[in-house]
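Presented below is the structure to which this report refers.
This chain uses plain numbering: 1 for the first residue, then up along the sequence.
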Amino acid sequence: MKDLREGYQGNIAQGRSQEVNIFLPSLCLLHTQLVCVVAELFYFSFVLSPACKGLVAATRDRKLNTFIQVSVVHPAEHILTRYSSTEIVEGTRDPLFLTGVTFPPEYPIYEETKIKLTVYDVKDKSQGTVSILLHFFFLGCTTFRVGDLVKSKEQQLTLTLRTSDGGKTVGTIEVNLVKMGEFEDGEMGHITTDAQDQKCALVRECTTPEGLSGKDNLPSLNAVLKNPICKLYRFPTSDNKWMRIREQMAETTLSFHVPKELINLHIKEDMRRNQELKDLGELAPHWDNMRKSVIAHCDQMLSMYQDTLAELGKHTGSSFKSSCSKGEKTLEFIPINLHLQRMHVHSPRLKDALYDVITVGAPAAHFQGFKNGGLRKLLSKFEAERRNTGYQCIYYSPENTAKAKEVLSNINHLQPLISSHADLLLNSASQHSPDSLKNSLKMLSEKTELFVHAFKDQLVRSALLALYTARPGCVIKKPAVPRNSAEEGDDLKHQDHPSQIKRQDSIPHHSEYDEEEWDRVWANVGKSLNCVIAMVDRLLEKDSSKIKEGENDPSAADCKVLHAGGDWYEQLYPLVITLKDCMGEVVTRAKQSMAFVLLQELACGLPQCLMLTLRRDIVFSQALAGLVCGFIIKLHTSLHDQGFLQQLHTVGLLVQYEGLLSTYSEEAGMLEDMAVGISDLQKVMFKVIEAKSEDFLPIITGRREHYVIEVQLPAKMFELLPQEIKEGKLLRMYPVLFNVGINEQQTLAERFGDTTLQENINQENLELLKEYYNLFTEKMPPDCLPHFQEQNDLKGLLENLHQNIQAKRRKNVEIMWLAATICRKLNGVRFTCCKSAKDRTSMSVTLEQCSILRDEHQLHKDFFIRALDCMRSRQTQGALNESDDPETGCLTDNKPTSRHFYPVALLLVSSHLLVVWLILSLALLLAKYQ
């Protein structure tokens, strides 16, 4: 299967294959202007809106099923290029097509460019669950110049359709040029047709909502979105009006940018950890051999990360990873098919609305495979083995190892800050500036208190003792025994083999180790700070008294001021040096002790520990790229929504993932990976900063347990933010995942397998969703939601979701619809994921879009299925086969289609029919290849 984006430049038709099957319009459609100059390119977007009348059928009583093939003839090349197609309109000789033919801004259209419209009759359509077989019959064609259409009155042409020899007239076709930004309102014109339910009129496209069309919005969005594709529809409403729907799809540069930034952070973190292990100093032979083994394995992993980053740096071409590349090792950190899907709805009586969904393949380690399950199972199994199996190392719980990483991170962050503030304090003293001295002292005190608090943990004390016992010549008089952290104060019990160092949950007390030494070293930092504070207070007090004396004797005061600066610096300097020395001693001991904890974590599980870390990094990288994309898009579209901005910094952002994976075979492992990856997103915080250059790509900082994503906005957009966000407040994320398998593999899982994984994930994430809702209701005012979204609605939806999850019904798609509705009502970001973000994802997104049009925008009930077909139809994507001759008669297209795949209704209504279909399909395949 070809990628959607292949050949996008130069021949867009060839780039409309089935990788992602939802058409969405370019953001460049927001600002367009039609300019007609001979021999100059039209850099604008425009849409052709065709309709046919009086088509002639081969037999009088036949009702035609027609569609239009659009081809382009470029003046310089004189080559016919198939560009796009409309949907199939069934049962009428006067079809009006709901799908417009859109030319994006980058497509080269000249005034002399010719467009050929070819009308086909679909004689026979037999649709299966995997492929669609179409027999097309040529009816007629016509050609026109772009310049003629642009210069025509009302920019409309009525053309005659003729047979291939140019003789017989087979009907007429009307072509309207729809310029973006124009809109004709009014009642829907009724056209008499052979189809009883077809009532259509030609209309122009709607205007763009205010707030989305600002030119200041485009540079920052263009930094993360590229290669947009657009599609335009017009559907009737229940009150005989027309709504206009513009779909947009765009790739994102974040697919590669975020993983590369993340891998670079991993490399720096791992190099720093390796150096910390080397700085542990001299160790006993057992521990030294262990350290050498760990460093050797870590160096191998570090080299792999560096090679991956180098390969990604060489990548050129598409900005997304297609599904056929999901098993490539060099691209394993890249998300699959990450795209923005946007539906912009303009209704005549309702406010314009935008509905965004991020589509992406399930974050999973496809290259590593799923033979032994995914992360959820592997992490649980690994932790159980570490806890229950004896090792020649000390056991620390995952919470303790995470705490050790946090302490090391705090050291690396706070130590340079404290040194910097101490230097500023001395500089203020040398300048004899009381105000500057007070401010410097305040900052020094705050950072030092944070520094001291970071080591106020029993883990540091126990790790220091463990490190002491690992030094050469240390004789352990009492052997170590396994026990829990709650038993740290209990007496030790002897082991059968005292010569071996056994795994243990805490470190034994050693008779030769002075446990109070750490307390003294740690407390010296606080005492040194108190001495500095006391000295500053004394100096300021003396300065105040001298000022009073100067009021009585100005000449004496001037003499004293000449020596005051030097006195301040000389008196503070030794105290500041003592503070730095004390802090340095604490840092040295704490770093070594925490590095020793990490040594145990790695040594207890080599090489599985590093492989699990790699797998988790891969999955997290894919999940984070999607999250960053979703956050940036949501922020840009909601800059004028003060309620949302208040919610963002007060509560946080809800991020809802809709999973469509089955719980059978490999997809169960993918779901386990995905669940862990999405859960890890809770460790991510966002910060919005003002861009200082034209580079608007986000900046990622932090470490594996804590990342901060800095999103850059242009100055004019940044000024729209609340003061709290502008001051750098960190913004929390609340990711939730709800999964419902809908394919044939899920049928097998429900009948012969196990769905416990899906049930547990849904139940766990329901609790997270309730937690977010409770925070929302506590911290936000009742009127913060749009007027049509009431609190009672949300309570009812949550209760309904709870009941559906508890019901444990087969393929209960109501869970997905309820979760998506709650997310939209809570101003959240929506994701839809399946294995590759193609078939199931596109079916889900298009069904959701049409359901929104019906429920929120009064889509005419008789047009629901047709609207769904328009959005899903492969014919609207583009070309017929290049090998087909459009005017020789019957055309067959038996390529697999990913939008008209197996009907969802079949899967949901009757699994028995599905089993029958599977058996028949297998029989047909065997017969075909025998």
Next item on the list: Flag the pair Val357 / Gln849 as yes when at least one side-chain heavy-atom distance between them is below 4.5 Å, and no otherwise.
Entry: no

For residues 693-702, which side-chain N or O atoms pair as donor and acceptor with protein atoms under 3.5 Å away, sequence neighbours left out?
| unit_1 | atom_1 | unit_2 | atom_2 | d |
| --- | --- | --- | --- | --- |
| Ser693 | OG | Asp695 | N | 3.3 |
| Asp695 | OD1 | Leu697 | N | 3.2 |
| Thr701 | OG1 | Val708 | O | 3.4 |

Notebook entry, point to check: Under 4.0 Å between a Lys/Arg side-chain N and an Asp/Glu carboxylate O for Lys683 and Glu705?
Noted result: yes

Margin query: For a side-chain contact (heavy atoms from CB on, under 4.5 Å) check, start with the C-alpha distance between Met670 and Phe370, then their side-chain angles and the critical distance, and finish with the verdict.
Written below: CA-CA 7 Å; Met670 297 177 200; Phe370 308 96; 3.5 Å; yes

Next item on the list: Quick one: pull up CD1 in Ile805 and CD1 in Ile815 and give me the separation to the nearest 0.5 Å.
Entry: 5.0 Å

Next item on the list: Take Leu379 and Arg616 through the test side-chain contact (heavy atoms from CB on, under 4.5 Å) and record every step on the way to the result.
Entry: CA-CA 10 Å; Leu379 289 171; Arg616 198 165 189 171; 3.6 Å; yes

Checklist line | Heavy-atom neighbours of Lys687 NZ exceed 12 at 6.0 Å | finding: no

Margin query: Run the ring-ring contact (aromatic ring centres under 6.0 Å, His included) test against His649 and tell me which residues pass, sequence neighbours left out.
Written below: none

Next item on the list: Answer with yes or no whether the side chains of Gln646 and Thr650 bring together a donor and an acceptor at under 3.5 Å.
Entry: no

Next item on the list: Applying side-chain contact (heavy atoms from CB on, under 4.5 Å) between His802 and each of Leu818, Leu769, Leu766, report the one that passes.
Entry: Leu766

Item checked: Asn743 side chain to Gln746 backbone, donor-acceptor under 3.5 Å -> yes

Note to self: Using modelled atom types and a 3.5 Å cut-off, is there a donor and acceptor pairing between side-chain atoms of Asn337 and backbone atoms of Ser322?
What the structure shows: no

Note to self: Using modelled atom types and a 3.5 Å cut-off, is there a donor and acceptor pairing between side-chain atoms of Thr613 and backbone atoms of Cys609?
What the structure shows: yes

Margin query: Closer than 4.0 angstrom, basic N to acidic O: yes or no for Lys634 and Asp356?
Written below: no

Next item on the list: Spell out, as yes or no, whether a donor-acceptor pair under 3.5 Å connects the side chain of Ser621 to the backbone of Phe333.
Entry: yes

Margin query: Counting C-beta onward and ignoring hydrogens, is there a side-chain heavy-atom pair between Lys726 and Phe718 closer than 4.5 Å?
Written below: yes

Item checked: pair Tyr707-Leu265: side-chain heavy atoms closer than 4.5 Å -> yes

Checklist line | His266 vs Leu262, side-chain contact (heavy atoms from CB on, under 4.5 Å): CA-CA, chis, key distance, verdict | finding: CA-CA 6 Å; His266 293 333; Leu262 208 54; 3.8 Å; yes

Margin query: Rounded to the nearest 0.5 Å, what separates atom CG in Asp617 from atom CD1 in Ile263?
Written below: 9.0 Å

Notebook entry, point to check: Are the side chain of Gln622 and the backbone N or O of Pro335 linked by a donor-acceptor pair below 3.5 Å?
Noted result: no

Check: Of the options Ile689, Ile725, Leu721, Ile632, which is the one that meets Leu713 in a side-chain contact (heavy atoms from CB on, under 4.5 Å)?
Finding: Leu721

Next item on the list: Using a cut-off of 6.0 Å, state whether more than 12 heavy atoms not belonging to Lys770 lie near its atom NZ.
Entry: yes

Checklist line | Distance in Å, Asn804 CG paired with Glu814 CD, rounded so as to fall on 0.5 Å steps | finding: 5.5 Å

Check: Got a donor-acceptor contact below 3.5 angstrom from the Tyr772 side chain to the Gly652 backbone?
Finding: yes

Notebook entry, point to check: Can you find a heavy atom in the side chain of Val684 that is under 4.5 Å from one in the side chain of Ile709?
Noted result: yes

Notebook entry, point to check: If we ignore angles and hydrogens, is there a donor and acceptor under 3.5 Å between the side chains of Ser323 and Lys838?
Noted result: yes

Checklist line | Rounded distance (nearest 0.5 Å) linking atom CZ of Arg732 with atom CG of Leu775 | finding: 8.0 Å

Notebook entry, point to check: Checking side chain to side chain donor-acceptor pair (under 3.5 Å) for the pair Glu767/Gln763: CA distance, chi angles, key distance, verdict?
Noted result: CA-CA 7 Å; Glu767 299 305 318; Gln763 185 61 48; 3.2 Å; yes

Notebook entry, point to check: Side chains of Thr756 and Asn760: closer than 4.5 Å at any heavy-atom pair?
Noted result: yes

Check: Taking only residues two or more places apart in sequence, or in another chain, which ones meet Phe686 in a ring-ring contact (aromatic ring centres under 6.0 Å, His included)?
Finding: Phe631

Margin query: Measuring from atom CD1 of Ile742 to atom SG of Cys834, what distance do you get when rounded to the nearest 0.5 angstrom?
Written below: 8.0 Å

Next item on the list: Output yes when a side-chain donor or acceptor of Gln745 lies under 3.5 Å from a complementary backbone atom of Leu661, and no otherwise.
Entry: no

Notebook entry, point to check: Do the side chain of Ser851 and the main chain of Leu847 share a donor and acceptor less than 3.5 angstrom apart?
Noted result: yes

Notebook entry, point to check: So which of Leu302, Thr308, Leu309 actually passes side-chain contact (heavy atoms from CB on, under 4.5 Å) with Gln306?
Noted result: Leu302

Check: Step by step, would you call Arg704 with Asp270 a salt bridge (charged side-chain N to carboxylate O under 4.0 Å, His left out)?
Finding: CA-CA 10 Å; Arg704 281 187 175 89; Asp270 291 348; 2.8 Å; yes

Item checked: Minimum side-chain heavy-atom gap Met674-Cys833 below 4.5 Å -> yes

Check: Is a donor on one side and an acceptor on the other found under 3.5 Å between the side chain of Glu667 and the backbone of Ser662?
Finding: yes

Check: Partners of Asn739 by side-chain hydrogen bond (donor to acceptor under 3.5 Å, both in side chains), sequence neighbours excluded?
Finding: Gln758

Check: How about Thr359 and His339: do any of their side-chain heavy atoms sit closer than 4.5 Å?
Finding: yes

Item checked: For His315, ring-ring contact (aromatic ring centres under 6.0 Å, His included) partners two or more places apart -> Phe256

Next item on the list: With sequence neighbours excluded, tell me which residues meet side-chain hydrogen bond (donor to acceptor under 3.5 Å, both in side chains) with Glu848.
Entry: Arg824, Arg830

Notebook entry, point to check: With no hydrogens and no angle check, is any side-chain donor or acceptor of Arg840 less than 3.5 Å from a backbone partner on Leu660?
Noted result: yes

Item checked: ring pair (Phe, Tyr, Trp, His ring centres under 6.0 Å) assessment of Tyr734 paired with Phe776 -> CA-CA 12 Å; Tyr734 290 85; Phe776 181 87; over 10 Å; no

Notebook entry, point to check: To the nearest 0.5 Å, what is the distance between CE (Met343) and CD1 (Ile852)?
Noted result: 5.0 Å

Margin query: Can you tell me which residue among Arg376, Arg615, Lys377 is in a side-chain hydrogen bond (donor to acceptor under 3.5 Å, both in side chains) with Asp673?
Written below: Arg615

Check: Can we call the ring centroids of Tyr355 and His857 under 6.0 Å apart?
Finding: yes

Notebook entry, point to check: Taking atom types as modelled, is there a side-chain donor on Tyr305 or Asn264 under 3.5 Å from an acceptor on the other?
Noted result: no

Notebook entry, point to check: Phe320 versus Ile334: any side-chain heavy-atom pair under 4.5 Å?
Noted result: no

Next item on the list: Fit a plane to each ring of Phe831 and Tyr657, take the angle between them on a 0 to 90° scale, and name the class: parallel (under 30°), tilted (30 to 60°) or perpendicular (over 60°).
Entry: parallel

Next item on the list: Apply the test side-chain contact (heavy atoms from CB on, under 4.5 Å) to residues Val736 and Val655: give CA-CA distance (whole Å), side-chain angles for both, the deciding distance (0.1 Å), then the verdict.
Entry: CA-CA 6 Å; Val736 294; Val655 185; over 6 Å; no

